[in-house]
Amino acid sequence: MVPTYQRALIVGAGEGLSASLARRLSREGLRLGLASRAIGKLEELAAETGAALHSCDAVDPSEVEALFARMEPALGGPPDVVIYNASGRLRGPVADLDPDAVRHALMVSAYGGFLVAQAAARRMLPGRHGAILFTGASASVKGYAESAAFAMGKFGLRGLSQSLARELQPKGIHVAHFVIDGGIRSASRPEPADAPDSLLDPDAIASAYWDVLRQDRSAWTSEVALRPWVERF
């Protein structure tokens, strides 16, 4: 059985991958909500996709709960697709890292994912229907030098996704984690002329998310790794 979804919420929305996700979900007929700490930058995207906007700091439990409470009437019901796209990026030599900055990076990458997933699950479980998708990175599976905080956060998000998949999928809720293993093409990051297809196309990534949402429940994917064909494993 292929699930049918009607309402989607993207947390950690911005101008890159989440914008492609928003456009694809809107094009497929889903009512859409977008959440970010700075929603002013999303007004043009919201106008294009008909999305409802709400400011939210994903590491604050009260703000996450307020987000879902606001989105239910705005979307005509609780979202049945929730995508966590926020990340706490921090780089530097381990000896020089600010512990408070590391704590914040972990909170955004992993703890915020937990809060959003918990709020989503509470609303999806009664109907035994929904999908919770997490955006990971190369750092979800590979800890790079001078990227300790990002690796810890993304490893944590991946562990959260694996645990929730085992808990929630038997209850009708599809949980999947996407390892975005490579750079994403954008206006500020164009593809080098001498290296075609060396960056991920955000619209192609969005298509992969949609493909997962359209999977028959007899063969659900719990993790997808996406990389350009020239990317080294």
- Establish whether Val11 and Leu115 are linked, either directly or via other cluster members, by ILVMFWY side-chain heavy-atom contacts under 4.5 Å. yes

- Say whether, by atom type as modelled, one donor and one acceptor occur between the side chain of Ser140 and the main chain of Ala137 under 3.5 angstrom. yes

- Do the charged groups of Arg23 and Glu48 touch, with an N to O distance under 4.0 Å? yes

- Query: Ion pair present between Asp211 and Arg214, side-chain N to carboxylate O less than 4.0 angstrom?
  - Reply: no

- Note on the structure: Rounding to 0.5 Å, atoms CH2 (Trp220) and CD (Gln215) come to a distance of 9.5 Å

- Under 3.5 Å donor-acceptor, Gln169 side chain and Val175 backbone: yes

- Any donor and acceptor pair, going by atom type alone, linking the side chain of Gln6 with main-chain N or O of Asp80 inside 3.5 Å? no

- If you round to the nearest 0.5 Å, how far is OG of Ser222 from CZ of Arg166? 7.0 Å

- Message: Taking Phe150 as the starting point, is it possible to reach Leu97 by hopping between hydrophobic residues whose side chains are less than 4.5 Å apart?
- Response: no

- Indicate yes or no: at least one non-hydrogen side-chain atom of Ile132 is less than 4.5 angstrom from one of Met124. yes

- Query: Is there a chain of hydrophobic side chains (I, L, V, M, F, W, Y, each step under 4.5 Å between heavy atoms) that links Leu21 to Leu75?
  - Reply: no

- Query: Under 4.5 Å between any side-chain heavy atoms of Ser109 and Leu157, yes or no?
  - Reply: no

- Do Ser147 side-chain atoms and Gly143 backbone N/O form a donor-acceptor pair below 3.5 Å? no

- Message: Minimum heavy-atom separation for Ser36 and Leu42, please, with both atom names.
- Response: CB-CD1, 3.7 Å

- Item | Flag side-chain contact, heavy atom, 4.5 Å: Pro228 against Leu199 | no

- Query: For the residue pair Arg185 and Pro202, what are the closest heavy atoms and their distance?
  - Reply: O-CD, 3.6 Å

- Approximate separation, where rounding is to 0.5 Å, of Ile180 CD1 and Ile205 CD1: 4.5 Å

- Side chain to side chain, Ser198 and Pro192, heavy atoms closer than 4.5 Å: yes

- If we only count heavy atoms from C-beta on, is the Val230 to Asp197 side-chain gap below 4.5 Å? no

- Query: What distance separates Lys41 NZ from Leu34 CG, expressed to the nearest 0.5 Å?
  - Reply: 11.0 Å

- Query: Linking I/L/V/M/F/W/Y whenever their side-chain heavy atoms sit closer than 4.5 Å, directly or via other members, would Tyr111 and Val64 fall into one cluster?
  - Reply: yes

- Item | Polar side-chain atom of Arg7 near backbone of Pro78 as donor-acceptor pair, under 3.5 Å | yes

- How long is the gap from CG on Leu30 to CG on Leu213, to the nearest 0.5 Å? 8.0 Å

- Query: Got a donor-acceptor contact below 3.5 angstrom from the Ser26 side chain to the Thr49 backbone?
  - Reply: yes

- Item | From Glu146 atom CD to Asp96 atom CG, the distance as rounded to the nearest 0.5 Å | 8.5 Å

- Message: If we ignore hydrogens and angles and just use 3.5 Å, is the side chain of His54 paired with the main-chain N or O of Phe68 as donor and acceptor?
- Response: no

- List the steps and the verdict of side chain to side chain contact (heavy atoms under 4.5 Å, CB included) for Lys154 and Ser87. CA-CA 8 Å; Lys154 286 300 186 180; Ser87 293; 2.8 Å; yes

- Query: Does any non-hydrogen side-chain atom of His174 lie less than 4.5 Å from one of Tyr5?
  - Reply: yes

- Task: Among Phe178, Tyr209, Phe134, find the one that has a side chain to side chain contact (heavy atoms under 4.5 Å, CB included) with Ile83.
- Result: Tyr209

- Message: Treating Ser55 as the side-chain partner and Ile39 as the backbone partner, does any N or O pair qualify as donor plus acceptor under 3.5 Å?
- Response: no

- Message: side chain to side chain contact (heavy atoms under 4.5 Å, CB included), that's the test. Do Glu15 and Leu45 meet it? Break it down for me.
- Response: CA-CA 8 Å; Glu15 299 173 349; Leu45 179 62; over 6 Å; no

- Message: Quick check: closest heavy atoms across Ala110 and Gly153, and the distance to 0.1 Å?
- Response: CB-O, 3.7 Å

- Side chain to side chain, Asp181 and Val141, heavy atoms closer than 4.5 Å: no

- Message: Run the side chain to side chain contact (heavy atoms under 4.5 Å, CB included) test on Leu125 and Leu168 for me, step by step, so that the C-alpha distance in whole Å, both residues' side-chain angles and the decisive distance to 0.1 Å come before the verdict.
- Response: CA-CA 8 Å; Leu125 280 168; Leu168 298 178; 4.0 Å; yes

- Side chain proximity check, Leu25 to Trp210, heavy atoms < 4.5 angstrom: yes

- Message: Is there a path of hydrophobic side-chain contacts, each under 4.5 Å between heavy atoms of I/L/V/M/F/W/Y residues, joining Val212 to Leu200?
- Response: yes

